[in-house]
Amino acid sequence: MSNIKKGVRLENVSKIYLDPKTNKPFKAVDSINVNIKPGDFVTLLGPSGCGKTTTLRMIAGFESPDEGEIYLGDQAINELTPNKRDTAMVFQSYALFPHMNIFDNVAYGLKLRKVPKAEIRTKVFDMLKLVGLEGMENRYTNQLSGGQQQRVALARALIVEPGVLLFDEPLSNLDAKLRVYMRTEIRRIQQQFGITAIYVTHDQSEAMSISDNIIIMNKGVIAQMGTPQQIYYNPASEFVADFIGEANFLKVKVSAVESDAITVDLNGIRFPVRKPEAAIAAGEERTVMIRPEGVRVSETGILPCKVILSCFMGSYQNYHVMVGDTLVRITDNHPVGRRVFNVGEDAYLDFSPIDTHLM
């Protein structure tokens, strides 16, 4: 592909709608700033109504921002219609032409660009081979499975060599096993081409598995931007921590701050936690976040607890315990050979400071 590795920049972009119930304006997207590097795979993630799809549609040109400016590379594109932007969209519904066979669906964008027939034929066959549809060019869309239709939609978007590839929840209509396979294929093809990709989903595991960076949105604003690892291990808020996976929250008071360590107090019990990057002072009330896989139930440990759920799940033992009035969920991976605690038993939570995150 020739037109690749274009970045996308949004500067103070807002989209304002009129609430049909109150007849008052509200910001579906509220003054967001985003800088996507060329060649990155970035996912917009968040609950329904958070503004992620509206943001994608503004980049594509299907919606116009009411405030701010959108740039593709160094070009401001607010005034450009979708067909004038160097982007291509893969839709949730696939948006294929049912009266055309696979060849003509994939070739459609090239025909609009008046590409010579011989070149179209070569490019289409190369693209069908890339997406695993070689030899199926004469079939119609109603003869294809959902996964095959999604491959046609991907091929049709890629063949026009866009600077940026946009995905609007493209796998939501597929079954769970096929979704996992197709997201791997999308990531493989994106990396092979080095194309910039912006992907919208509400599926946290999907976002974690394919993204270079994730943008988590909530109520029209950006809650956090970062790599999957940064967001998972260093969430900026309880909303982010809870949205990107399971998380336990312990309300504590900071009892000591040293150059390389933080000590917190929970119900009179003091224990060390990982020091955050932000400044912190003794006496502050904070929240310690611990992922379920970062803590174990033990006969000895840091925090006393009572087991209220103990369930064998094959690869892990699932526990729910109470620490005072706080529920803590635990994923004890590969529990073979270790003691299993039963419901009603008293035990302790044991964890390392590195598995904690102070918010």
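Just the heavy atoms: all of them, side chains too, but no hydrogens, waters or symmetry mates, feed the values below. Here the structure is a predicted model, which is why all the values come from computation and not from measurement.
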When you compare the side chain of T201 with that of L171, does any pair of heavy atoms fall below 4.5 Å?
no
Could you list the donor-acceptor pairs under 3.5 angstrom formed by side chains in residues 128-140, with sequence neighbours left out?
residue, atom, partner, partner atom, Å
E137, OE1, G135, N, 3.4

Heavy atoms, side chains only, cut-off 4.5 Å: are F312 and V340 in contact?
no
Could you see if V42 belongs to whatever hydrophobic cluster contains I216? Use Ile, Leu, Val, Met, Phe, Trp, Tyr and a side-chain cutoff under 4.5 Å.
no
Do L10 and I59 come close enough that some side-chain heavy atom pair is under 4.5 Å?
yes
In terms of heavy-atom contacts, P170 and V90 come closest through CB-CG1, 4.1 Å
Looking at F341, does the NZ or CZ of R339 lie under 6.0 angstrom from its six-membered ring centre and within 45 degrees of the ring axis?
yes
Quick one: are V264 and R286 in side-chain contact, heavy atoms under 4.5 Å?
no
Evaluate the side-chain proximity of N12 to N33: yes if any heavy-atom separation is below 4.5 Å, no if none is.
yes
Spell out, yes or no, whether F62 and L80 are grouped together once hydrophobic residues are joined by side-chain heavy atoms under 4.5 Å, including indirect joins.
yes
Could you tell me which non-hydrogen atom of K27 sits nearest to which non-hydrogen atom of S31, and how far apart they are?
NZ-OG, 4.0 Å
T81 and N83: side-chain donor and acceptor closer than 3.5 Å?
yes
Expected output: side-chain K52 to main-chain G46 donor-acceptor under 3.5 Å
yes
For V124 versus A107, what's the shortest heavy-atom pair and its separation?
CG2-CB, 3.7 Å
Can you give me the closest heavy-atom contact between F167 and L56, atom names plus distance?
O-CD2, 3.4 Å
So F351 and F271, would you call those rings parallel, tilted or perpendicular, with 30° and 60° as cut-offs?
perpendicular
Between E185 and R151, is any pair of side-chain heavy atoms under 4.5 Å apart?
yes
What I'd like to find out is whether the side chain of Y233 reaches to under 4.5 Å of the side chain of H357, using heavy atoms alone.
no
If you look only at distance, which donor and acceptor atoms sit under 3.5 Å apart when one is on a side chain in residues 109-119 and the other is two or more places apart or in another chain?
residue, atom, partner, partner atom, Å
K111, NZ, D104, OD1, 3.0
R113, NH1, G109, O, 3.0
E119, OE2, K123, NZ, 3.2

Keeping Q190 on the side-chain end and G39 on the backbone end, is there a donor-acceptor pair under 3.5 Å?
yes
Taking the six-membered ring of Y232, is the NZ or CZ of R291 close enough (under 6.0 Å from the centre) and on axis enough (within 45°)?
yes
Please examine the side chains of T55 and I198, heavy atoms only from C-beta on, and report whether any two atoms are closer than 4.5 Å.
no
